[in-house]
Every structure is written in structure tokens, then in C-alpha cells.
Amino acid sequence: MSLPLDLMMFGALIAVILSGYPVAFGIAGVATAFAIIGSMTGQFNISLMGALGQRFFGVMTNPVLTAIPLFVLMGVVLERSRIAEELLETMARAFGKMRGGLGVSVMVVGALLAASTGIVGATVVAMGMIALPAMLRNGYSPTLAAGMVATSGTLGQIIPPSTLLIILADVMSSAFQQAQYQQGAFSIQTVSVGQTFAAAMMPGLMLVGLYILYILIRAWLRPEDAPAMIEQVEKPSARAIISAVMPPVLLIVAVLGAILGGIASPNEAAGVGAVGAILLAGGRFGLPRWLMVSGGLSLLALVVLAGAFPVRIQRSDAGPMTFAIASIYAALGLYGMIAVLIACWRLMRANVLASTLNSTLVITSMIFATILMASYFSLVFVGLGGEHRVAEILKSLPGGPTGALIFAMAFIFILGFFLDFVEIAVILLPLLVPPLIVMGHDPIWLAVLIAVNLQTSFLTPPFGFSLFYLRGAAPPEITTGMIYRGVVPFICLQILGMFLIGVFPDVATWLPRLAF
């Protein structure tokens, strides 16, 4: 009887990751070792390794994944420009006079930062350094305060645009196509980033609503846990609130509106977001407001006009009107570029640009290294027959499609205690998702369920990244035990959110049907 190398390979992967060895190298080492063992025992055809270069090239040129660096740049620029801090301070003063108001402001700001930055670490650290001390000074329960801050940061993974949703869209599209091939379909459909973003919007807002409702109920039942602000602070004026909220909201509308409205692809919308973030950040470091606004409007006008009235000056029938329109487009682009270059110069003078680009490069490299090595792992795992074993396990479970879905969600949830969301998304999901789609589950609805599930991996100890970020930014009086206890109610709320999405699928599928 031959050894089940596919199962042993998966177990070895988990052991190597838990050992603390760099993830990308660990994945590559496990894949190489089991490819050699499988070839020696006759269970793996080593000629499959010839497809590795093509798989790597496909990942690096994937038009969906190439949007990730620009979205990361957008988030890092907004985080380094202190726009998040101003937003949090303003909203805290606006909501602080009501019982539980500081907690509500943390969740509202977390949602806004999620849609504009999408970087969990940046949001948690900013909240931990600004909001957490303020809540403690005003008598909030330390466990509740820590739980709110840690949870607010994870909203960046479910509220678009987010790196998780981009990766999920690519994985789900490939799995959906694979499932259609297995079903013998000739007209292949795909899952786009726009559909995934649209599907995640309502569930993300629903989670924010659940969190706020829990905070208000707890503040009503136990006033000592979340009292009104006792500090004497001046309530911000309407102009101050608009000034703090409007920049990130306009950026969110520009990015998501371009994608959902069909005006731009995810890559182009990511470019819009990155340029908009640079202009906003430049305004924080001396760029004249009139130049920031006019430069942004000129680029926005260029995008809209060029999409509505495209010109082709190289055509033989191009007349004076065509050249006149092209000249206007060139002028708009040149003016916008000048504004962006001046903003970059301001950021460079403030020593922000270099650190921003360095952080973007590091984060992007980590993500793509993991995705590339996961593609390598998947090639060997499938070659060892792991794909068929996973499908057989899911089909043999009691309860049919529903039982298989519950098992898959529980398995992902448990792995979230130990593995990063990228590892789960690019290693496990390509194996789990195709059989679930063949069983009849809607791929877009399934993507949202999985996204909410993976969001909990940031909160579940012992390896929840949000917990680590908060531990580093929290005051000394906040212990690790307090942070762990504080996130438990919010993990339960996310499980409730998954249940509601499962029972009421229209929460996830209504907006994609409307927009696409």
C-alpha cells in the first residue's frame, strides 16, 4: 500500500509554517521535497515540473493581481500622511458625548479606513495609538476597548477595495472555470474583481452594523463598560467633520465607482486611487489646495471624457475636431501630471515618499512570493492526486452540498488559527472551491462567505495578525490576555454574519446582479 503523500505533504506544510520559517521558502521546500519523494516512489510525474515556468509567468502577468501593488501604495500613502489620525480624532469628538460613542467612532472610522487603505496593520496601529488610550482615559473596559480596536482593523479585508478580495476574485474565477470544465460547459463564465467587490459591500456594512449594535447594547446594559466621554472636548463643527471625512470618501467613490460603474478596470481604478492618495497626501505637506483639487479634477475629467469620447489621431480620417479633442485631453493629462509631480516632491521633502515606496515594495513582494510558491505547491499537490482526494472527501460527507459547505467553512476557520489568509486563499481554496461549485453553490456568494471567514483569521489566537499589531501599539496596562478576551465577542459576531449571509444569500448577490 502506497503512502498518502498528498496528505503527508499538507501536514508537512502546516508544520513548517508553524515552525516560524519564512513562509514562501517553507512552501517551496515542502513542494520540492515531496516532488522528489513522489518521483522516487512512482506517485509523481516529474515532467509536470516543466509547467512551473508557465505558471509563474501567468501569476506575474495576471491582470487581476497586478492591481495589488497600486492598492497597497494607496493605503500606505494615506496611512503615512496622517489622514487617518485626523479622521479618528474628529469622529471621536463627534460621537464621544453618547454612551458607547467612542466605540461607535472607532468602528465608523475603521470602515472608512478599510475602504480607503485596506491595510490591517496600519489601521490597528493607528487606532491602538490614538483611540485606545482615549477610551481607557474615559473609563472603557480594557477588554472591550482592545477588542474594538483589533476588530476595526480587520474590516479592511471585507470592505472593498482589499487585497484579500482581489486574491479571492482570482482564485474563485479559476475555480469557477475549472468547475465548468468538469461539468462539460462550452461557454465559460468568470468571476471578476468588480463582481467580488460589489458582493462584499453589503456584507461588510452589515458587519459594521452588527459591531455598532453590539457596542450600543453593551453600553446600555453595562454603562461602566462604555461610558460617555468625561473629558471636556469641543464638539467639531460641521465643516471640520466634512473636512476630515470628505477626502477618504471621495477617494472611495472614485475607486469603487470606477470599477462598479464599468468605467475602469481594477488596475486602472487602483491607479486612480494611488494618484488620488498622493494628491491628498501632498495637500497635507504643503501642496496648495487649489492645485490639489484642480489637478485631481483634471485627471478625473480626462478619465471620464476619454471613456465617453475616445479619439484615434492615428486614423487616416482624423479631422481637425479629432486633433482639437486630443489636444484638450493632452492638456488635462499634462496639468494633472504636474500636480502629481509637485505632490511627490512635497512628500519627498517631508521624508515620506521613500518610506512609502519601501513599505509598498516589501508588502507587495511578500504577497507575490507567497502566491508564486503556492502555485508551485499546488502543482505538486495536484500531481500527487490531492485534488481528487479533496473532492472525494467533500462528496462523501453527510448532508450533501450543505454538509460539504459547512465542513469547508469549519476547516477554513480552524486553519485561520494557524495560517495567514494569503496561504489559505492560494493553497487551500483552489482545492476546496471547485467541488463546492460543482455541487451547485454560487461562486460569488461563496467568495463572500469565505472572505468573512478569512477575516476572522486576523482575530483568532494564537497567530491572529491583528492581535500582534495591537500588542505592539497598546499601552502597557493592556495585557495579551485582555486582547484575546476582547476579540471573542467580535469573532462570534463574525460567525453570526457568516450565518446571515448563508441564510440570506441576497445580502451578497443583490448588488452584483444590479451592477453587472
Side-chain angles (χ1 to χ4, degrees), residues 6 10 64 158 160 164-204 206-207 378 381-382 385-416 421 424-456 494-516:
D6 51 348
F10 194 78
V64 174
I158 187 62
L164 169 60
L165 293 177
I166 295 173
I167 295 173
L168 262 183
D170 179 63
V171 170
M172 296 303 294
S173 182
S174 300
F176 190 27
Q177 293 178 54
Q178 183 179 340
Q180 290 173 91
Y181 287 136
Q182 294 178 16
Q183 293 171 322
F186 294 99
S187 179
I188 302 299
Q189 299 177 343
T190 60
V191 176
S192 69
V193 175
Q195 288 174 302
T196 310
F197 280 5
M201 281 292 295
M202 296 304 294
M206 181 188 73
L207 282 178
S378 177
F381 189 78
V382 170
E387 183 181 26
H388 299 295
R389 189 184 296 274
V390 171
E392 290 170 3
I393 291 174
L394 291 176
K395 289 178 182 177
S396 64
L397 292 170
T402 303
L405 177 65
I406 294 173
F407 169 80
M409 291 296 111
F411 190 41
I412 293 171
F413 180 79
I414 293 171
L415 285 181
F421 78 94
I424 297 175
V426 297
I427 297 175
L428 178 66
L429 295 187
L431 305 172
L432 278 180
V433 171
L436 292 174
I437 296 177
V438 170
M439 291 178 181
H441 293 298
D442 181 86
I444 297 176
W445 170 75
L446 191 59
V448 175
L449 269 180
I450 293 172
V452 177
N453 200 343
L454 289 176
Q455 184 189 351
T456 63
Q494 289 186 218
I495 296 174
L496 173 61
M498 276 190 282
F499 174 77
L500 293 175
I501 296 168
V503 174
F504 305 105
D506 280 349
V507 175
T509 58
W510 169 75
L511 188 55
R513 284 200 307 267
L514 182 67
F516 297 92

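Positions are given from 1 along the sequence. The basis for the numbers below is simple: all heavy atoms, side chains too, and nothing from hydrogens, waters or symmetry mates.
- In this structure, H441 and L449 have side chains that are not in contact, with every pair of non-hydrogen atoms separated by 4.5 Å or more.
- Here I167 contributes atom CD1 and D170 contributes atom CG; the two are 8.5 Å apart, rounded to the nearest 0.5 Å.
- Contact between G497 and M206 at its shortest, heavy atoms only, is O-CE, 3.7 Å.
- Of all heavy-atom pairs between A425 and L454, the closest is CB-CD1, 4.4 Å.
- For the pair I437 and P443, the tightest heavy-atom approach, listed with the atom from each and the gap, is CD1-CB, 3.9 Å.
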Kindly determine whether I450 and V171 satisfy side-chain contact (heavy atoms from CB on, under 4.5 Å), including the steps that lead there.
CA-CA 11 Å; I450 293 172; V171 170; over 6 Å; no
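- Looking at T509 and V448, their side chains never come closer than 4.5 Å, going by heavy atoms from C-beta outward.
- Nearest heavy atoms, L165 versus A200: CD1-CB, 3.7 Å.
- Nearest heavy atoms, V433 versus A175: CG1-CB, 3.5 Å.
- Rounded to the nearest 0.5 Å, atoms CE (M409) and CD1 (I414) are 12.5 Å apart.
- Atom CG in D506 sits 11.5 Å away from atom CH2 in W445 (nearest 0.5 Å).
- The number of heavy atoms from other shown groups lying within 6.0 Å of CE (M202) does not exceed 12.
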Verdict with supporting geometry, V382 and L431, side-chain contact (heavy atoms from CB on, under 4.5 Å)
CA-CA 9 Å; V382 170; L431 305 172; 4.3 Å; yes
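- Minimum interatomic distance between P203 and I501 (heavy atoms only, all atoms of both residues): CB-CD1, 3.7 Å.
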Trace of the side-chain contact (heavy atoms from CB on, under 4.5 Å) decision for T196 with M172:
CA-CA 9 Å; T196 310; M172 296 303 294; 5.9 Å; no
Does the side-chain contact (heavy atoms from CB on, under 4.5 Å) test come out yes or no for I495 and T456, once each step is laid out?
CA-CA 9 Å; I495 296 174; T456 63; 5.5 Å; no
